[in-house]
Structure formats: structure tokens, C-alpha cells
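Inspection log for the structure reproduced underneath, given as C-alpha cells.
Residue numbers count from 1 along this sequence.
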Amino acid sequence: MDVRLNAWVRGRVQGVGFRWWTRARALELGLVGSASNRPDGRVEVVAEGSRENCEQLLNALRSGDTPGQVESVGEQWSAARGDLTGFIER
């Protein structure tokens, strides 16, 4: 059963290629969703797919190997809605 991961990434993550990097990782994992800049400086990541692959993406966001500087990542899990296609940067 697929899940939806909402993650909020805080730190120096806007204007550094973070959304592009996140999209590349998500596509490698076969996930659909988006990475969006938020007005407060965070990046919001929405991803749907298998729990295992969403957890791999979450681990990548926290890995320290991202562009910029991640200070923290908040997460929320829910059932997949199935309304997403592709993985887009907003």
C-alpha cells in the first residue's frame, strides 16, 4: 500500500538547487509529488509511493549530502491520495 510523505525542510534550502536535487532523488526512487519553496524559507516536499521508498527519500533529505544546509526536517505520514503524477518543482 502506498503512502504520502509531507516533509518540511528548514535551513538554507532555497536558491541552492535543493528542489532540483530532491526531484532527482524522488524520480530515482519511483516517487511522485513535488518540492515547493515556502514563503517562510522552508521547502515543502510531498511524495507518494511505497513506505520504503518514501523513507529512503526522507533519509536522503536528512543525510547532509543535499545542496545548501539542512537544519531540520519535519515529517507527516498519511495514506496516499493517488492524485499526483510526475515530480515537479514549484
Which pair of non-hydrogen atoms, one from Val73 and one from Ala7, has the smallest distance, and what is that distance?
-> CG1-CB, 4.1 Å
Do you reckon Ile88 sits in the same ILVMFWY cluster as Val46, going by side-chain contacts under 4.5 Å, direct or chained?
-> no
Crowding at CH2, Trp77 (>12 non-hydrogen neighbours, <6.0 Å) | yes
From Cys54 SG over to Arg4 CZ, what is the distance, rounded to the nearest 0.5 angstrom?
-> 10.0 Å
Of all the heavy-atom pairs spanning Gly17 and Pro67, show the shortest one and how long it is.
-> O-CG, 3.7 Å
Grab the two heavy atoms, one from Leu61 and one from Val9, that are nearest each other, plus how far apart they are.
-> CD1-CG2, 4.2 Å
Presence of salt bridge, Arg10 and Glu71, under 4.0 angstrom = no
Is it true that Asp65 and Arg25 make a salt bridge, defined as a side-chain N closer than 4.0 Å to a carboxylate O?
-> no
Charged N to carboxylate O under 4.0 angstrom, Arg38 versus Asp40?
-> no
To the nearest 0.5 Å, how far apart are CG in Leu84 and CG in Leu31?
-> 10.5 Å
Can you tell if the side chain of Val70 reaches within under 4.5 Å of the side chain of Phe18, non-hydrogen atoms only?
-> yes
Can you tell me how far CZ of Arg62 sits from CG of Leu57, rounded to the nearest 0.5 angstrom?
-> 10.5 Å
Please examine the side chains of Glu89 and Val43, heavy atoms only from C-beta on, and report whether any two atoms are closer than 4.5 Å.
-> no
Residue pair Phe87 / Val45: nearest heavy atoms and the distance that separates them | CZ-CG1, 4.2 Å
Can the positive tip of Arg23 be found less than 6.0 Å from the middle of the six-membered ring of Trp21, inside 45° of the ring normal?
-> no
So CZ of Arg51 and CG of Leu5: to nearest 0.5 Å the spacing works out to 8.5 Å
Around Arg90, counting heavy atoms of other residues, nucleotides and ligands shown, do more than 12 lie under 6.0 Å from its CZ?
-> no
Rounded to the nearest 0.5 angstrom, the CD-OG1 distance for Glu48 and Thr85 is 10.5 Å
CG (Asn6) and CG (Leu58) are apart, to the nearest 0.5 Å, by 11.5 Å
